Amino acid sequence: MEQPDKANDAPDGTSSADVPDTAQAPDPAQAPDPAQAPGTAQAPEASGRRGRGRTAALIGTALVLGLIAGTCTGYLVQADREPTRLPPLSQPVLPQATGKAPAPLPAAQDRRVKTDGDLRALLLKKPRGAKRTDWAAGVDGWADLPVFAGYYLDPAEAFGDLLTEEFRRMAEISWEADGYFVEIRLAQYRQEQQLAAAESIDTTRRWAEDEATRSWAIPGTGDGRVYMLKRATEPGFEPVYRARADAWRGDIAMSIWVSGLERVPQKLIMDLARRQMEQL
């Protein structure tokens with residue numbers, strides 16, 4: 001019997017020409033892009049960023065809700081409390097004193113009467129045997145604004161400053177005794193806007209402290225002081241020893257100058273300052 005041809009008798013689906021070649025390598029050009037392929041490493045990172053954004057939003061929302069809840073709770077607690085009673089606006093009527101009013105102070109004890117009167121009367125008197133000098137530039141014991149400004153190094157500037165400080169008037173006296181020249185000035189201010197007497201002494205004190213070699217407090221005057229100043233020297237003249245005292249009380253500023261060819265005793269300038277302040 002004749003055998004059938006194996007090639008011809010094989011089924012159509014199992015032809016050797018149709019079997020794929022398993023040894024053939026895939027085409028690199030057709031390989032999938034790793035950046036586009038699912039399941040790569042970038043997918044978890046993007047998911048983490050989205051997760052953190054949602055967490056921050058939740059925390060912010062929780063904080064806002066907490067603040068609102070706390071405010072509402074505090075309001076409800078206060079609303080349930082009893083209102084605090086306010087003190088009455090009207091005060092009880094105080095009983096008035098009966099009888100006569102106290103008598104006004106005599107002029108000798110009323111400082112306002114003393115300082116509003118003749119300011120020259122408050123100056124120390126010239127000691128017995130002392131010689132009156134013409135150092136004071138005023139007239140009859142008074143020094144007006146231009147005269148007072150002329151005592152400063154810059155009279156024009158001092159004139160404007162004294163106007164601003166509400167200068168009112170000044171009384172002065174000077175004498176010579178035992179080889180020393182003494183000059184006392186009492187400057188009075190209106191003091192409607194400022195404590196000009198105290199400010200004037202404070203300005204003088206800063207200058208005196210720069211020129212002083214020693215200083216002492218004047219008892220009973222607060223910040224009043226006595227200064228021993230450097231000797232004044234001028235060509236053709238002997239050096240002059242100097243001392244001064246500055247203090248204030250109320251609306252009056254006091255300044256005392258003592259100078260001489262001999263050293264000024266501390267007791268002399270201190271005694272003058274103490275007695276002059278007692279007059280005020």
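A quick note: this is a predicted structure, and the numbers were derived from the prediction, not measured.
- The CD atom of Glu172 sits 11.0 Å away from atom OG of Ser255, with the distance rounded to the nearest 0.5 Å.
- Distance check, rounded to the nearest 0.5 Å: CH2 of Trp142 to CZ of Arg169 gives 4.5 Å.
- Trp175 has its side chain within reach of Pro127: a pair of non-hydrogen atoms, C-beta onward, lies under 4.5 Å apart.
- Proximity of a side-chain donor or acceptor of Ser200 to a complementary backbone N or O of Ala196 within less than 3.5 Å is not detected.
- Tracing side-chain contacts under 4.5 Å through hydrophobic residues (I, L, V, M, F, W, Y), one never reaches Ile201 starting from Leu162; they form parts of separate clusters.
- Sparse packing is recorded around CG of Leu153, with 12 or fewer heavy atoms of other residues, nucleotides or ligands lying under 6.0 Å away.
- Atom-to-atom distance recorded for Glu278:CD and Thr221:OG1 is 11.0 Å, nearest 0.5 angstrom.
- Looking at heavy atoms from C-beta onward, Met228 lies out of side-chain contact with Tyr241 at the 4.5 angstrom threshold.
- Under the 4.5 Å side-chain criterion, counting only non-hydrogen atoms from C-beta, Gln279 is in contact with Gln276.
- A donor-acceptor pair under 3.5 Å is absent between the side-chain atoms of Arg249 and the main chain of Met254, judged by distance alone.
- Looking only at side-chain heavy atoms (C-beta outward), Leu186 and Leu280 come within less than 4.5 Å of each other.
- With hydrogens and angles disregarded, a donor-acceptor distance shorter than 3.5 Å links the side chain of Gln188 to the backbone of Thr115.
- Cluster annotation: Val226 is connected to Ile184 through the hydrophobic network of ILVMFWY side chains, with a link wherever side-chain heavy atoms come within less than 4.5 Å.
- Between Leu124 and Ile173 there is no side-chain heavy-atom pair separated by less than 4.5 Å.
- Heavy atoms from other residues, nucleotides or ligands lying under 6.0 Å from CD of Glu262 number 12 at most.
- Side-chain atoms of Arg242 come within 3.5 Å of backbone N or O of Lys230 as a donor-acceptor pair.
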Worked verdict on Thr204 versus Arg244 for side chain to side chain contact (heavy atoms under 4.5 Å, CB included): CA-CA 11 Å; Thr204 303; Arg244 69 175 297 163; 2.9 Å; yes

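- Residue Trp248 comes nearest to Ala198 through the heavy atom pair CE2-CB, 3.5 Å, listed as atom of the first residue, atom of the second, then distance.
- Residues Val147 and Met170 fail the side-chain proximity criterion, which asks for heavy atoms closer than 4.5 Å.
- Between Ala245 and Ala273, the closest heavy-atom pair is CB-CB, 3.7 Å.
- Listed for the Arg205 side chain is a donor-acceptor partner under 3.5 Å among the backbone atoms of Asp223.
- The heavy-atom pair separating Met277 from Ala247 by the smallest distance is SD-CB, 3.8 Å.
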Intermediate values then yes/no, salt bridge (Lys or Arg N to Asp or Glu O under 4.0 Å), Arg206 and Asp210: CA-CA 7 Å; Arg206 289 196 294 268; Asp210 293 338; over 6 Å; no

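- Across all their heavy atoms, Ala197 and Gln191 have their closest contact at N-OE1, 3.1 Å.
- Atom CG of Asp116 has more than 12 heavy atoms from other residues, nucleotides or ligands within 6.0 Å.
- Distance check, rounded to the nearest 0.5 Å: CD of Gln266 to CH2 of Trp216 gives 4.0 Å.
- Between Glu183 and Thr133 the shortest side-chain heavy-atom distance does not fall below 4.5 Å.
- For the salt bridge (Lys or Arg N to Asp or Glu O under 4.0 Å) test, residues two or more places apart in sequence or in another chain that qualify with Asp271 are Arg274, Arg275.
- When hydrophobic side chains of Ile, Leu, Val, Met, Phe, Trp and Tyr are connected at separations under 4.5 Å, Leu229 ends up clustered with Trp207, Tyr227, Trp257.
- Sparse packing is recorded around CZ of Arg132, with 12 or fewer heavy atoms of other residues, nucleotides or ligands lying under 6.0 Å away.
- Under the 4.5 Å side-chain contact rule for hydrophobic residues, Ile252 and Ile218 share a cluster.
- A perpendicular orientation is assigned to the rings of Tyr189 and Phe167, their planes being inclined by more than 60° (bins at 30° and 60°).
- Both Phe159 and Tyr152 belong to a common hydrophobic cluster when Ile, Leu, Val, Met, Phe, Trp and Tyr are linked at side-chain heavy-atom distances under 4.5 angstrom.
- At least one donor-acceptor pair closer than 3.5 Å links the side chain of Gln194 to the backbone N or O of Thr164.
- Distance CG/Leu123 to CZ/Arg185: 12.0 Å, rounded to 0.5 Å.
- A distance of 11.5 Å separates CD1 in Ile269 from OH in Tyr180, rounded to the nearest 0.5 Å.
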Verdict with supporting geometry, Phe237 and Leu261, side chain to side chain contact (heavy atoms under 4.5 Å, CB included): CA-CA 10 Å; Phe237 295 91; Leu261 299 180; over 6 Å; no

Working for side chain to side chain contact (heavy atoms under 4.5 Å, CB included), residues Asp161 and Thr203: CA-CA 12 Å; Asp161 292 341; Thr203 302; over 6 Å; no

